[in-house]
Amino acid sequence: MKIKMKDGSIQDASFEEELGKNAFRHTTAHILAQAVKRLYPGTKCAIGPSIADGFYYDFDFDFHFSEENFAEIEAEMKRIVKENLQLRHFTADHKKAVQIMEERNEPYKMEMLNELSENEEISFFQQGEYLEMCAGPHVAYTSAIKAFKLLSVAGAYWRGDEKNKMLTRIYGTSFPGKDMLEEYVNRMEEAKKRDHRKLGKELKLFAMTEEGPGFPFFLPKGLIVKNLLIDYWRKLHTKEGYVEISTPVILNRQLWEISGHWDHYRDKMYTTSIDEADFAIKPMSCPGCMLVYKMEPRSYREFPLRISELGLIHRNEKSGTLHGLMRVRCCTQDDAHIFMMPEQIQDEIKGVARLIDEVYSYFGFKYHVELSTRPENSIGSDEDWKMATDGLKSALHDLGLPYVVNEGDGAFYGPKIDFHLEDSIGRTWQCGTIQLDFQLPQRFDAEYIGEDGNKHRPIMIHRVVFGSIERFIGILIEHFAGKFPLWLSPVQVKILPISDKHMDYAKEIEKALKKEGLRCEIDGRAEKIGYKIRTASLEKIPYMLIVGEKELQTNSLSVRKRDDGDLGNMPIDQLLKILYEEGI
């Protein structure tokens, strides 16, 4: 595939390469904009980048736009592809660029131009009558775009600022072949079925309310899932030598100034006033952990000191970014901080990486690793950052973990290793992270007495495994399509009596199962057994036990398994053996 670059040069790249994929989809965004301008000349164009899995374009329509308009736009896009228009690149000085955009009556392009230096040369790409102020890259001809589809419409504030006008954002995707597009569309349809917001409501796991946008309510069944994950987490951390603490949700401004959050994270923090002093609700748990560390003298003999906390944190996320449990304003972060000596860095990083691997493998997740380096908005010396980054690289090398570098995406206080897990339909989610920090121990003047009897500064690791427990639950719901493994299912067994005269026997079975620690329910409604089975199936119950006259007389159960159907008639001891082997 021929790719035309900003400087006018031509490069070869396949769709599998990042350059090729971005150029392909960026060009599709231009084809979309050209089709929109042909059909609705009064529309104003904003921006249209390629994104993961596709592209979008923001428009200012002079009428109410909806997905009903997709068919005519896609038809026009197909005509543009068939026209095999060449994407021609040229540059213009700032004055000429302003003139071009004024003639085309594109106010959003004008606004962007007005922020550029008058000495700057402006890059343009043109295909037929459509011209776009753009840095590229693009494919050479529109005919390269073989398969595309418009997916959805959303509102988007111009430049993400709620004070600006709400524009119409059209999302789409494109591929070199129809088979790839069909595979993607099928995957997206499957994703819709698995949407944790839909399943969370149907399975009565959690709720979001108008009274608390971004603040999830966990319902009884959802809280069972959350508590089971926490129990699993605690057992692992006890085994790994962590001690657990709990720190306050609100602490004063001075603490957040010392930590650097007040200057570097202020826009994400909720604040309040107590006794005429400024306080902040914690967006992270690390400053509180620093106070715990400093409450008593520390010795090298305690190191590595691993301190964990299931911290309730709050972050001021914009309303447009909220998304079920995936992006919330309040969550439980499975945080931990490890204090250590420099010579312990490698072993501790590797230990955390192995712990994260154990957890993700347990849930059946594959994952890949990214190393995020120093951002522009950061604290600390170049020397500290180099030492921290080299320490992370060395640990990854020792573990034999391949990784890609994510330039400039580290925390403001240190570089980090991010773990991106892959779910059952191929989507990736960033969850676990390991951050190496030389800065907070300095800012808090943390010390320990070394083997030489002198005071030294500890090194600190910040790390999470689940990340946000709420978000991890959302991922699990979609990964399992609501069909949690037996040990994690809120209701593991549902007992379905055929009629009222079998209720006493159903209650005996329930009592016996609960004695074994199983979570079970009886469907005692006056409904036909077929209806009860269907209801239990929709509730994703792992095991259904049908009890009628035959079962009552033979002291047995008719067992159905969620995905395997009828397992036949068996005594309760045989059922328990099956359940224990599966893992309860």
Side-chain angles (χ1 to χ4, degrees), residues 189-207 217-225 228 424 473 476-584:
E189 287 301 317
E190 181 63 25
K192 285 182 182 178
K193 295 176 187 175
R194 294 168 177 259
D195 191 320
H196 76 285
R197 295 167 297 178
K198 171 178 172 288
L199 290 173
K201 183 177 182 180
E202 292 174 357
L203 301 177
K204 299 180 181 179
L205 299 173
F206 70 92
F217 284 67
F218 275 91
L219 306 179
K221 290 180 180 178
L223 193 58
I224 289 173
V225 175
L228 286 167
S424 59
I473 290 172
L476 287 177
I477 292 171
E478 299 193 2
H479 177 62
F480 293 120
K483 297 179 179 180
F484 292 113
L486 182 63
W487 75 271
L488 196 55
S489 294
V491 178
Q492 297 168 307
V493 178
K494 196 143 196 176
I495 306 166
L496 313 177
I498 290 177
S499 69
D500 286 348
K501 65 180 181 179
H502 306 117
M503 275 296 294
D504 288 343
Y505 182 51
K507 288 178 180 178
E508 286 180 26
I509 299 299
E510 180 189 35
K511 184 178 179 181
L513 293 178
K514 285 186 173 180
K515 188 176 180 181
E516 295 293 326
L518 284 150
R519 297 181 294 279
C520 56
E521 291 180 351
I522 297 175
D523 186 345
R525 296 175 299 166
E527 299 284 357
K528 292 182 178 180
I529 192 63
Y531 184 81
K532 291 183 179 183
I533 291 172
R534 173 170 169 73
T535 300
S537 297
L538 292 174
E539 292 173 348
K540 321 289 186 187
I541 306 296
Y543 285 87
M544 291 166 262
L545 310 181
I546 300 165
V547 292
E549 195 62 30
K550 176 185 174 183
E551 289 75 25
L552 176 61
Q553 296 300 325
T554 58
N555 198 28
S556 64
L557 308 162
S558 180
V559 181
R560 291 181 64 88
K561 191 173 180 182
R562 183 168 53 199
D563 292 320
D564 298 341
D566 188 9
L567 299 186
N569 198 275
M570 63 184 73
I572 192 170
D573 289 346
Q574 185 178 342
L575 171 67
L576 287 171
K577 183 179 179 182
I578 291 172
L579 296 176
Y580 276 111
E581 286 177 355
E582 188 170 337
I584 62 172

* Asked: What heavy-atom pair brings V547 and A506 nearest, and what distance separates the two atoms?
  -> CG2-CB, 4.0 Å
For residues 484-497, tabulate all N or O donor-acceptor pairs below 3.5 Å that involve a side-chain atom, not counting sequence neighbours.
unit_1, atom_1, unit_2, atom_2, d
S489, OG, F484, O, 3.0
S489, OG, P485, O, 3.0
Q492, OE1, R519, N, 2.8
Q492, NE2, L486, O, 3.0
K494, NZ, E521, OE1, 3.4
K494, NZ, E539, OE1, 2.7

* Taking K204 for the side chain and K221 for the main chain, is one N or O donor matched with an acceptor at less than 3.5 Å? -> no
* Around R525, counting heavy atoms of other residues, nucleotides and ligands shown, do more than 12 lie under 6.0 Å from its CZ? -> yes
* Charged N-O contact under 4.0 Å between R197 and E478 -> no
* Would you please name every residue forming a ring-ring contact (aromatic ring centres under 6.0 Å, His included) with F206, sequence neighbours left out? => H196
* To do: Give the intermediate values and the outcome of side-chain contact (heavy atoms from CB on, under 4.5 Å) for residues M544 and I533.
  => CA-CA 8 Å; M544 291 166 262; I533 291 172; 4.1 Å; yes
* To do: Calculate, to the nearest 0.5 Å, the distance between atoms NZ and CG belonging to K561 and L575 respectively.
  => 11.0 Å
* Asked: Which residues pass the side chain to side chain contact (heavy atoms under 4.5 Å, CB included) test with A512, sequence neighbours left out?
  -> I572
* Do S556 and N569 meet the criterion of a side-chain donor-acceptor pair at a distance under 3.5 Å? -> yes
* Over all heavy atoms of both residues, which pair between L579 and I584 is shortest? Give the atoms and the distance, please. => O-CG2, 3.3 Å
* Measure the spacing between CG of L557 and CG of L567 and express it to the nearest 0.5 Å. => 11.5 Å
* Asked: How far apart are the closest heavy atoms of C520 and L513, and which atoms are they?
  -> SG-CB, 3.9 Å
* Structure fact -> Output for pair (I546 CD1, H502 NE2), nearest 0.5 Å, gives 12.5 Å
* Inspect the contact between E190 and R194 and indicate whether a charged nitrogen and a carboxylate oxygen are less than 4.0 angstrom apart. => yes
* Let me see the working for Q553 and Y505 under side chain to side chain donor-acceptor pair (under 3.5 Å), right down to the final yes or no. => CA-CA 10 Å; Q553 296 300 325; Y505 182 51; over 6 Å; no
* Structure fact -> d(R560 CZ, I541 CD1) to nearest 0.5 Å is 13.5 Å
* To do: Please report the closest heavy-atom contact between D566 and S558, naming both atoms and the distance.
  => OD1-OG, 4.4 Å
* Asked: side-chain contact (heavy atoms from CB on, under 4.5 Å) between D563 and K483: does it pass, once the steps are laid out?
  -> CA-CA 9 Å; D563 292 320; K483 297 179 179 180; 2.8 Å; yes
* To do: Verify the neighbour count for atom NZ of K198: are there more than 12 heavy atoms of other residues, nucleotides or ligands below 6.0 Å?
  => yes
* Asked: Step by step, would you call I578 with M570 a side-chain contact (heavy atoms from CB on, under 4.5 Å)?
  -> CA-CA 11 Å; I578 291 172; M570 63 184 73; 3.8 Å; yes
* Identify the residue among L205, I224, I473, V225 that makes a side chain to side chain contact (heavy atoms under 4.5 Å, CB included) with F218. => I473
* Structure fact -> CD1 (I477) and CG (L203) are apart, to the nearest 0.5 Å, by 7.5 Å
* Can you list the residues that meet the side chain to side chain contact (heavy atoms under 4.5 Å, CB included) rule with D504, with sequence neighbours excluded? -> none
* Any pair with a residue in residues 542-551 that passes salt bridge (Lys or Arg N to Asp or Glu O under 4.0 Å), sequence neighbours left out, goes on the list, sorted by first then second residue, please. => K501-E549
* Less than 4.0 Å between a side-chain N and a carboxylate O, is that true for E508 and K511? -> no
* **Any pair counted as salt bridge (Lys or Arg N to Asp or Glu O under 4.0 Å), so long as it reaches residues 567-581, sequence neighbours left out** => none
